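One structure, pasted below without further comment.
When a ligand or atom number is given, it counts from 1 through the structure's own listing order. Predicted model, so just to flag it, every value in this text is computed and none were measured. In what follows, every heavy atom counts, from backbone to side chain, and hydrogens, waters and symmetry copies are set aside.
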Amino acid sequence: MTSSKQIHIGLSVAPTWLMNDAWRRADSDIENVFSTGFFVDIAKRAEKAKIDFLFRPDTLFMKPDMIAGSPGFSSIDPTILLTALAEHTSHIGLVTTASTTFYPPYIVARQIQSLNIVSQGRVGWNIVTSLDGNENFGISEMPSSEDRYRQAAEFTDVVHKLWASYPSDAIIADRESGTYGTPDALTQIDHHGEFYDVAGPLNTPAFGNGKVPLFQAGASPAGRDFAASVAHAIFAATPDPEVARELRSDLRQRAASKGRDPDDIRILPGLNMYLAPTREEARDIFAQTHARMDPRRMIAKIKELIALDLTDHPMDARVTADMLPAADTVVRSKTHGDLVRRLIERAQPTVKDLLTRPEVMGSSHWIVVGTPADAVDEIVAWAEINAGDGIIALPNGSHQSVDLFLDQVVPRLQELGLFRTEYSGSTLSDHLGVK
Ligand SMILES: Cc1cc2nc3c(=O)[nH]c(=O)nc-3n(C[C@H](O)[C@H](O)[C@H](O)COP(=O)(O)O)c2cc1C
């Protein structure tokens with residue numbers, strides 16, 4: 001098969017391939033995970049494979065218990081890491097994460113435009129409204145998802161105004177006349193809204209036209225509306241192709257109803273890949289990675305996801321729709337909660353089955369446990385039915401998954417005509433086709 005439609009591919013440098021027990025493997029290089037060197041080789045290889053962008057999610061809290069058995073959410077600042085990687089690469093996009101609930105918009109506008117300058121137009125901003133961490137920012141309780149997205153909308157508007165407030169052509173630098181810039185070209189934005197009062201202008205000039213592709217992830221109605229208004233790409237948590245198709249067609253419709261071109265919003269499902277030369281080895285790696293998964297922790301996670309307590313239920317009892325709490329029960333993430341509810345309504349799994357599902361065990365992403373050819377087949381099948389416009393690759397289980405993805409999966413997708421063999425430009429907007 002060869003295809004006329006090409007997909008977009010981002011590679012997560014979270015790094016997912018160290019999660020759970022995978023960091024314990026002899027070749028994990030876990031000792032260097034807080035060094036830039038750990039990521040440089042992967043970034044260069046991803047660029048050689050013509051990947052659209054490196055993607056770095058982020059959180060702003062730490063639960064000490066998390067580090068007992070794995071790195072948990074230990075992390076360095078994503079924008080600083082990607083700035084270091086910008087120096088070692090020349091084309092690949094660099095998508096950083098910044099929370100609209102916790103950061104001030106002036107700082108985010110400045111940091112992202114700075115990385116845009118350092119990388120010469122390769123930055124993308126993954127806009128998150130965050131799930132946790134309010135106690136680190138003097139916020140007594142996490143605001144509701146609706147309130148967070150209202151704040152995110154105003155935040156993003158302020159950032160856009162700031163990016164436009166110091167255009168690159170304001171700088172003339174004419175030595176002869178002694179004119180450095182045109183003050184009139186800079187605008188005081190004088191923003192006064194529900195959440196922010198920002199005078200502006202920014203003191204960082206825009207790179208080029210200053211526009212930066214925006215990413216978003218939450219898929220609640222408020223999250224979708226926000227994404228449809230501003231996002232160019234969605235990091236989608238879609239464990240099966242039907243969920244992805246529904247999300248894609250809904251977001252395209254919402255974007256059109258806001259006067260946007262539906263093609264300007266790209267759905268990129270996360271794809272967890274446990275890869276090995278044979279299926280048996282891949283299954284072994286999957287089992288080893290989750291060997292210490294404690295069912296009690298998973299039952300606590302279900303309670304957090306959908307407010308359903310399965311503590312006293314036998315492992316082989318079915319979980320049915322009538323056991324579900326009311327649909328408007330407040331939960332941490334509506335996106336993740338709704339995916340678990342949908343699974344229970346559709347499949348009525350046993351407690352034991354439910355505990356091993358991606359919706360519960362992982363981050364609700366699509367999973368392939370198999371060979372590179374299996375991953376290619378899945379990616380092709382999803383592309384054929386428009387279950388997304390590409391993927392964000394989340395290699396898991398061992399470093400081997402990163403290697404097999406870059407060295408075998410991507411080249412095969414290129415042979416099939418489903419992925420580019422050369423970059424046609426040097427900015428992230430070029431790679432994504434953002435106009
Ligand atoms: C796939 C996915 C990835 C996310 N990644 C992050 C992240 O890296 N950092 C973060 O603070 N929040 C992250 N979030 C949380 C969202 O930004 C949002 O706050 C949350 O999902 C609530 O919105 P919702 O009700 O629309 O789901 C993520 C959410 C989803 C669904």
Check whether N396 reaches the backbone of N272 with its side chain - one donor and one acceptor, N or O, closer than 3.5 Å.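 Flag not set: sc N396 to bb N272 has no pair under 3.5 Å.
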Non-hydrogen atom of S333 closer than 4.0 Å to ligand 1: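 It does; at least one heavy atom falls under 4.0 Å.
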Salt-bridge test for R266 and D52: reply yes if a basic N is under 4.0 Å from a carboxylate O, no otherwise.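 Salt bridge absent between R266 and D52.
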State, without any angle test, whether S35 and N32 hold a side-chain donor-acceptor pair at a distance under 3.5 Å.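 No - no donor-acceptor pair under 3.5 Å links their side chains.
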What do you reckon, are the aromatic ring centroids of F155 and H191 less than 6.0 Å apart?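 No.
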How far is atom 6 (C) of ligand 1 from its nearest protein heavy atom, and which residue and atom is that? V128 CG1, 3.6 Å
When you measure from atom 27 (O) of ligand 1 to every protein heavy atom, which one gives the shortest distance, and what is it? T335 OG1, 2.4 Å
Taking atom types as modelled and ignoring hydrogens, do the side chains of R122 and T89 form a donor-acceptor contact shorter than 3.5 angstrom? yes
Which ligand 1 atoms are under 4.0 Å away from a heavy-atom of S130? 10 (C), 11 (O), 12 (N), 17 (O), 19 (O)
Would you mind telling me if ligand 1 is within reach of the side chain of R224, the backbone, both or neither, using heavy atoms under 4.0 Å?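 None of R224 does.
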Consider every N or O of Y149 and every N or O of ligand 1, then say whether any pair is closer than 3.5 Å.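 The answer is yes, given that Y149 and ligand 1 share an N or O pair closer than 3.5 Å.
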NZ (K258) with more than 12 external heavy atoms under 6.0 Å: yes
Which bit of P57 gets closer than 4.0 Å to ligand 1, counting heavy atoms only: side chain, backbone, both or neither?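 Both parts.
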Ligand 1 versus S99, non-hydrogen atoms closer than 4.0 Å: side chain, backbone, both, neither?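 The answer is neither; S99 stays 4.0 Å or more away.
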Below 3.5 angstrom, do we get any N/O pair linking S220 and ligand 1?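 The answer is yes, given that S220 and ligand 1 share an N or O pair closer than 3.5 Å.
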Looking only at heavy atoms of Q216, does any of them come nearer than 4.0 Å to an atom of ligand 1? no
Sub-4.0 Å atoms of ligand 1 with respect to non-hydrogen atoms of K334: 25 (O), 27 (O)
Ring geometry between F102 and F137 (parallel below 30°, tilted from 30 to 60°, perpendicular above 60°): parallel
Can you find an N or O of H365 that's nearer than 3.5 Å to an N or O of ligand 1?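 Between H365 and ligand 1 (N or O atoms, distance only) the closest approach is not under 3.5 Å.
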Would you check the N or O atoms of S145, main chain and side chain alike, for any that come under 3.5 Å of an N or O of ligand 1? yes
Does the plane of the ring in F286 sit parallel, tilted or perpendicular to the ring in H290? Use 30° and 60° as the thresholds.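 If you compare the ring of F286 with that of H290, the planes turn out tilted.
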Side chains of D403 and Q400, donor plus acceptor under 3.5 Å: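 The criterion, which ignores hydrogens and geometry beyond distance, is not satisfied for Q400 and D403.
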Evaluate A217 for polar contact with ligand 1, using N/O atom pairs at a separation under 3.5 Å. no
Minimum-distance protein heavy atom relative to atom 31 (C) of ligand 1: H336 CE1, 3.5 Å
Need the ligand 1 atom indices (1-based, order shown) with element for anything under 4.0 Å from a heavy-atom of L131.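 Answer, ordered by atom number: 15 (C), 20 (C).
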For atom 22 (C) of ligand 1, what's the nearest protein heavy atom and its distance?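 So the nearest neighbour among protein heavy atoms is R148 NH2, 3.2 Å.
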Note, L432 side chain near F53 side chain (heavy atom, < 4.5 Å):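 A side-chain contact under 4.5 Å exists here.
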Looking only at distance, does T129 have an N or O less than 3.5 Å from an N or O of ligand 1? yes
Which bit of D58 is near ligand 1, meaning a heavy atom under 4.0 Å away: side chain, backbone, both or neither?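 The backbone, only.
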Would you tell me whether Y274 and Q288 have side-chain atoms, one donor and one acceptor, within less than 3.5 Å of each other?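 No pair is found: no donor N or O on one side chain lies under 3.5 Å from an acceptor on the other.
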Out of the candidates L11, L413, I379, only one should pair with I391 under the side chain to side chain contact (heavy atoms under 4.5 Å, CB included) rule; please name it.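 That would be I379; it is the only one of L11, L413, I379 passing the side chain to side chain contact (heavy atoms under 4.5 Å, CB included) with I391.
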